[in-house]
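Working notes for the structure below.
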Amino acid sequence: MLILGRRDVEALLDVDVLIDGLAVAMADVSAGRASVPPRNFATVADRGLLAAMPAYLETRSVLAAKLVCVFPGNALRGIETHQALIGVFEADSGQPVAILDGASITAVRTAAGSALATRLCARQDARVLAILGTGVQARSHARVVPRVRRFAEILVAGRTPEKVEALATEIGATPVRSYAEAVALADVVCACTHATEPIVRREWLRPGTHVNSVGFTAGFEVDPAAFADAVVIVESRDAAIGEYPNGAADLTAAVRQGLARPEDICEIGELVEGRRSGRTDPDQITVYRSVGVAAEDAIAACLVVEAARRRGLGVEVDLS
């Protein structure tokens, strides 16, 4: 069995290939060609959770499972909030093939999902990207999302001015004073926080804005009102609608308040296959509300293992 650490995964995961791979994986999910059961959780009271996320993708014959710990309080201690491992198995026999670092895959595949949504939904003339947050996902989105649009400027906003300044300097962006200012100036917004109160409000959004929201907490990252007159896109309706940790709390609130109807919510795989329409008007607001599904981890792990075999990286371990 192949063992791949974080440095190996980061060296092997080609972002452009991943974005295209995610399109295939999400099309499988929406077309019923994938087996992606709901997350199963073990909770650690007042601290976090351990989730099991298995998936089988028919098109690429990929069988994999991620074990991920989400401990939001780690952010206050300077520790990553997400820790994970991914196991890859032979789809014909179930034989273990590889174990990979999952935290690095989670960071990149989440941003690649936002990039895919941006490619499908953002205006072609989008020029200003706003990054909300200063953590792992903020950095990943700042690196990955510009691969699908030519942004003239990147803005950064966050809770801590020092962190905002540091990230802006690191990625060559412009720091702004508030979430409201960043959202109001942006054509594409990437919300990458652990916010418990909305940091993307409807009244701040200009006509034609595309929003990617990937924060996954019991609170609201997006104002439920922002979903009311928007084209709403998710990885999976079943995964996105439900009480945290079985869905996005803000989108679920919008559904329960009658601001969004489940039947009107698009799955990104439906957009890939052309079975549903995303943006049909330059003034429409589009919102991609991501909670992460196992199909994304499975395709990313598959691509990493294939690249490792080609390049001879990783450590082989005999389990017999």
Quiz item: Quick one: OG on Ser213 to CG on Asp250, what's the gap to the nearest 0.5 Å?
Solution: 5.5 Å
Quiz item: Would you call Arg143-Glu10 a salt bridge at under 4.0 Å N-O?
Solution: no
Quiz item: Any ion pair linking Asp20 and Arg119 (charged N to carboxylate O, less than 4.0 Å)?
Solution: yes
Self-check item: Note, Ser114 side chain near Val144 side chain (heavy atom, < 4.5 Å)
Solution: no
Quiz item: Could you state the interatomic distance from SG (Cys69) to CG (Leu85), rounded to the nearest 0.5 Å?
Solution: 8.5 Å
Exercise. Sequence neighbours left out, what passes side-chain hydrogen bond (donor to acceptor under 3.5 Å, both in side chains) with Thr59? Give chain and number order.
Key: Asp28
Self-check item: Name of the residue among Ile285, Asp187, Asp283 meeting side-chain contact (heavy atoms from CB on, under 4.5 Å) with Arg206
Solution: Asp187
Self-check item: Note, Met26 side chain near Glu267 side chain (heavy atom, < 4.5 Å)
Solution: no
Quiz item: Any salt bridge between Arg276 and Glu263, counting N to O under 4.0 Å?
Solution: no
Self-check item: Pairing of Arg7 and Asp101 as salt bridge, 4.0 angstrom limit
Solution: no
Quiz item: Got a salt bridge between Glu243 and Arg256, using NZ or NE/NH1/NH2 to carboxylate O under 4.0 Å?
Solution: yes
Quiz prompt | Pair Glu235 + Arg109, salt bridge at N-O below 4.0 Å | solution = no
